[in-house]
Asker: 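What follows is a single structure, and I will ask about it in a moment.
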Amino acid sequence: MRSLLLSAVYVTVLVPGISVAATCAMSQDDQSGLLTAGNPDEPVYIEADTLIEDRDRGSYIARGNVVARQNGRTVEADELEYRPGDNRVIARGNVAIFSDNAPPQYADEIQLDDALGEGLAVGFSTLLENNGRAAAAFAARRADGSLELTNAYYTACRIGTDGDAPTWRLRAARAVQDTEAEMIYYRDVRLEVLGVPVAYAPAFAHADPSSDRRSGLLFPAFGVSSRLGAFYGQPYLWAISPYQDLTLTPRIMANANPLIELEYRKRFWSGDLGFETSYTRERDIDSDGELLNDAEHRWHVFGGGEFDLMEDWVWGFGVQLASGDFHLRTYDISEVYDEYPGVLEPAPRRLMNQLYVQGRGERYYAELIGAGVQSLRENENDDRLPIMAPLGEMRITYPAGEAMGRLRTVASTAVLTRDDGVDYQRASASVDWQAQFIAPAGLVLEPFAAGRADYFSFDDVPGALPTDPTTEESFGRFLGYAGAELSWPLISSSGGADTILEPMLQGLIASDASEADRIINEDSQTAELDETLLFDHNRATGYDLWQDGTRLTYGLRTTTFWGENNRLRGFIGQSRRLDGDPVFAANSGLFEDESDIIVAGEVDLGSFSVGARTRIDSDDGTLNRLDLNASFTSRRLTAQVRYFGFADSLGRAGTSEELFLTSQIHLTDNWSLVYNLRRDIDAQVDRREQVGFRYRDFCTDLEVLYQRENLNVGDLGPSESIQVRITLFTLGGVGSE
């Protein structure tokens with residue numbers, strides 16, 4: 001045997017079908033360059049510490065930090081043997097294969113053709129996208145990149161160095177990763193949890209983690225509740241095209257007729273849309289699963305979309321329809337359609353249908369909306385809810401220079417039409433100006449002024465007595481205000497803490513609220529004093545109400561920073577009406593000449609934070625409102641709690657005191673005890689309570705919860721359910737929605 005050993009000098013050697021580069025010390029044969037037999041179009045380029053030519057066997061052996069490249073593929077190994085006569089490349093020891101369009105693959109030993117394409121591997125493993133992992137005792141690699149594995153497994157879990165079994169894995173006698181179909185197929189497959197088989201199937205397939213959507217069965221949803229009984233929903237996804245899909249989910253329930261659900265989604269070059277719907281024919285169901293009255297068609301349709309019109313302009317729509325007040329709650333379908341919320345957000349237990357055009361530029365904002373509302377509330381007549389078309393607003397901001405601040409114009413219109421009730425039309429145009437001047441000592445002066453013209457027209461206005469005929473009227477009014485805000489931020493640094501203390505004073509005078517007695521309030525029915533609203537120039541949420549007269553508003557804001565993420569923030573403020581009439585409700589905090597006192601504060605220590613907002617009656621010190629929220633995070637406990645309460649004297653509709661709690665007690669690194677609560681303190685009733693366990697690690701999320709709801713909506717009453725959710729990362733989730 002004659003061998004050629006190269007070392008210490010960087011030499012490129014061309015051999016039949018292979019171009020070799022080696023880092024060597026000295027050449028022991030100066031005839032190495034004579035080994036060239038041609039210049040093939042696609043040579044294999046090899047780097048190694050040592051290159052040996054075995055002329056008797058007609059092979060070349062590279063050892064030490066071997067790297068072979070060809071056609072976008074790279075092979076790394078401890079040793080690589082090239083047999084040009086057999087067109088074979090054999091890599092041994094810590095073999096790794098990298099390709100431009102495939103995840104990395106590893107093996108103890110692998111045999112490839114000279115294009116580094118097809119081959120066989122022993123002790124094979126590969127990393128897939130989204131943290132997927134596959135391994136096999138033997139693997140066959142095809143030219144198209146597909147893999148055929150023997151005695152294989154697949155998991156998204158981390159593989160421990162101590163040999164412990166992963167949380168879960170699919171183990172199969174044979175598995176094929178088809179790169180063209182972007183699927184992984186299994187034969188004689190079983191699901192193992194912590195090494196214990198828990199499920200078996202003679203055949204199974206799932207999409208490659210790197211693939212797009214694929215048609216097929218999705219993981220089912222199941223559970224049990226006192227209202228619906230045991231239920232099972234099996235979704236099927238039809239990937240119609242790369243840009244659209246349809247999901248069909250039949251749901252079977254022990255206490256009710258089956259329900260069918262559909263979800264459709266499509267993307268366009270200019271936007272996207274989606275719809276979801278459900279249908280069944282059934283009677284009303286109470287909390288114990290008893291069927292009431294007669295069977296009816298019961299359904300819902302939610303949908304929406306948004307599309308580009310031109311640069312900075314879009315148009316969109318939202319659809320929310322249901323066959324009755326209780327269909328959604330009965331079948332645990334969310335009344336909020338988060339996929340396409342639209343421009344207008346409906347109030348709780350109301351559905352919104354809308355069509356809109358919206359534009360947003362550097363200095364302007366515009367919208368034009370047509371909308372209608374369906375109520376799911378008991379004893380609320382849909383005929384008295386308005387069709388809102390059009391609702392429009394255009395805002396344009398004009399920079400007036402550094403010395404003159406900014407000028408803004410607003411045009412607005414609203415038309416509300418009812419089958420039963422007052423028809424309302426309004427058009428408004430306004431202009432407002434605001435500037436900021438900073439004195440050398442840091443004193444900040446912000447003058448402001450605004451003027452507005454409104455036109456109102458009302459139809460079907462009821463008379464003073466029930467027997468009086470309805471009337472029509474229209475009129476206009478002119479409004480305006482002017483004022484200034486003065487603040488003085490003071491900064492102090494001592495003892496490793498930085499404190500900002502900012503006293504504020506605002507004075508404002510507004511014109512009389514002319515025609516106030518003739519205006520029907522449609523858009524300013526809610527106003528509740530808080531830290532933000534206190535210093536607003538116009539405290540009404542819309543155009544119908546107008547706070548006239550003269551008022552002074554004063555407050556003090558302070559913020560202290562220390563350490564890395566520690567913060568203490570506080571605020572106290574109040575407003576005093578010097579003249580003018582009250583226009584806001586008695587429970588708003590703005591009814592009296594002296595408003596409620598606003599006190600707010602927050603302490604944030606990173607792992608622990610607590611905040612409070614209060615409204616204190618200026619006459620007797622009563623807490624008219626209190627909001628408390630706190631959060632705590634540690635290695636063993638994560639908790640968030642929120643409380644809000646209103647004084648009984650405010651006569652507020654709905655719940656006056658409520659408590660929300662979400663918590664997890666971490667029993668181990670992976671297991672947690674979960675407890676969530678929503679309590680109506682007024683009624684001494686837990687509206688929703690959840691308790692259970694959660695397991696979460698790198699590849700698995702398991703949650704088992706007992707839930708009790710007591711929302712008292714119609715005949716639904718309290719209900720109990722057991723919810724199980726299992727998510728195997730990269731494969732999907734199964735269990736309750």
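Side chains included, hydrogens not; waters and symmetry mates left out as well; all remaining heavy atoms used. Everything quoted here is computed from the prediction, not taken from an experiment.
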Asker: Which residues pass the salt bridge (Lys or Arg N to Asp or Glu O under 4.0 Å) test with D382, sequence neighbours left out?
Answerer: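 Testing D382 for salt bridge (Lys or Arg N to Asp or Glu O under 4.0 Å), a comparison that skips the adjacent residues, returns none.
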
Asker: Holding to side chain to side chain donor-acceptor pair (under 3.5 Å), I want the full list of residues that pass it with R477, two or more places apart in sequence or in another chain.
Answerer: D454

Asker: Determine whether R725 and Q723 satisfy the following criterion, side chain to side chain donor-acceptor pair (under 3.5 Å), listing intermediate values before the conclusion.
Answerer: CA-CA 7 Å; R725 303 183 187 95; Q723 302 179 7; 2.6 Å; yes

Asker: Parallel, tilted or perpendicular for F644 and F646, by the 30°/60° rule?
Answerer: perpendicular

Asker: When rounded to the nearest 0.5 angstrom, what distance separates OG1 in T614 from CG in D530?
Answerer: 11.5 Å

Asker: S609: what forms a side chain to side chain donor-acceptor pair (under 3.5 Å) with it, not counting sequence neighbours?
Answerer: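 In terms of side chain to side chain donor-acceptor pair (under 3.5 Å), with neighbours along the sequence ignored, S609 is linked to S631.
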
Asker: Show me the pairs that pass side-chain hydrogen bond (donor to acceptor under 3.5 Å, both in side chains) and involve residues 415-425, at least two apart or across chains.
Answerer: R384-D420, R418-E522, Y424-R426, Y424-D544, Q425-S457

Asker: Between OG of S719 and CD of E709, what distance do you get to the nearest 0.5 Å?
Answerer: 5.0 Å

Asker: When you look at S575 and T553, which way does the side chain to side chain donor-acceptor pair (under 3.5 Å) test go after all the steps?
Answerer: CA-CA 4 Å; S575 181; T553 305; 3.2 Å; yes

Asker: As a quick check of understanding, evaluate salt bridge (charged side-chain N to carboxylate O under 4.0 Å, His left out) for R625 and D596, giving each step before the final call.
Answerer: CA-CA 10 Å; R625 173 167 183 168; D596 285 355; over 6 Å; no

Asker: Going by side chain to side chain donor-acceptor pair (under 3.5 Å), name the residues that satisfy it together with Y481, two or more places apart in sequence or in a different chain.
Answerer: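 Side chain to side chain donor-acceptor pair (under 3.5 Å) check on Y481 returns nothing, list empty.
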
Asker: Only pairs under 3.5 Å count here: list side-chain donor-acceptor contacts from residues 390-399, not counting sequence neighbours, and write none if there are none.
Answerer:
residue	atom	partner	partner atom	Å
E393	OE1	Y543	OH	3.4
E393	OE2	R395	NH1	2.4

Asker: Distance-only, no hydrogens or angles: does the D308 side chain make a donor-acceptor pair with backbone N or O of M310 under 3.5 Å?
Answerer: no

Asker: Quick test of your reading: applying ring pair (Phe, Tyr, Trp, His ring centres under 6.0 Å), list the pairs with at least one residue in residues 570-611, sequence neighbours left out, ordered by first then second residue.
Answerer: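 Residue pairs passing ring pair (Phe, Tyr, Trp, His ring centres under 6.0 Å), neighbours aside: none found.
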
Asker: R636: what forms a salt bridge (Lys or Arg N to Asp or Glu O under 4.0 Å) with it, not counting sequence neighbours?
Answerer: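 Once residues adjacent in sequence are excluded, R636 has no partner under the salt bridge (Lys or Arg N to Asp or Glu O under 4.0 Å) criterion.
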
Asker: A side-chain contact here means heavy atoms from C-beta on lying under 4.5 Å apart; do F475 and R518 qualify?
Answerer: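 F475 vs R518: side chains touch.
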
Asker: Rounded at 0.5 Å granularity, tell me how far CD in E485 sits from NE2 in H537.
Answerer: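 If I round to the nearest 0.5 Å, the distance is 6.0 Å.
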
Asker: Tell me every residue that passes salt bridge (Lys or Arg N to Asp or Glu O under 4.0 Å) with E446, counting only those two or more places apart in sequence or in another chain.
Answerer: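 So E446 forms no salt bridge (Lys or Arg N to Asp or Glu O under 4.0 Å) with any residue.
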
Asker: I'd like to know if the side chain of Q374 and the backbone of A322 have a donor-acceptor N/O pair within less than 3.5 Å.
Answerer: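 Here the side-chain-to-backbone pair exists.
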
Asker: Check residues 557-564 and write down every donor-acceptor pair under 3.5 Å in which the side-chain atom is one partner and the other belongs to a residue at least two apart or another chain.
Answerer:
residue	atom	partner	partner atom	Å
T558	OG1	I500	O	3.4
T560	OG1	T499	OG1	3.1

Asker: Does either side chain, that of R577 or that of T550, offer a donor lying less than 3.5 Å from an acceptor on the other one?
Answerer: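 R577 vs T550: no donor-acceptor pair found between side chains.
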
Asker: Do the side chain of R349 and the main chain of L376 share a donor and acceptor less than 3.5 angstrom apart?
Answerer: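 Yes; at least one donor-acceptor contact below 3.5 Å.
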
Asker: Holding to side chain to side chain donor-acceptor pair (under 3.5 Å), I want the full list of residues that pass it with E657, two or more places apart in sequence or in another chain.
Answerer: Y643

Asker: Measure the spacing between CZ of R687 and CG of L659 and express it to the nearest 0.5 Å.
Answerer: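 Reported value, rounded in 0.5 Å steps: 13.5 Å.
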
Asker: Hey, are D627 and R615 close enough for a salt bridge, meaning a charged N less than 4.0 Å from a carboxylate O?
Answerer: no

Asker: Which distance, rounded to the nearest 0.5 Å, do you find between the CD of Q690 and the CD of E703?
Answerer: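 The distance works out to 7.5 Å.
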
Asker: Between atom CG of L673 and atom CZ of R694, what is the distance when rounded to the nearest 0.5 Å?
Answerer: 13.0 Å

Asker: We want to know whether S514 and D512 form a side-chain donor-acceptor pair, criterion being a heavy-atom distance below 3.5 angstrom.
Answerer: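 Judged by distance alone, the side chains do not pair up.
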
Asker: With sequence neighbours left out, write down each residue that passes salt bridge (Lys or Arg N to Asp or Glu O under 4.0 Å) with D548, or none if nothing qualifies.
Answerer: none

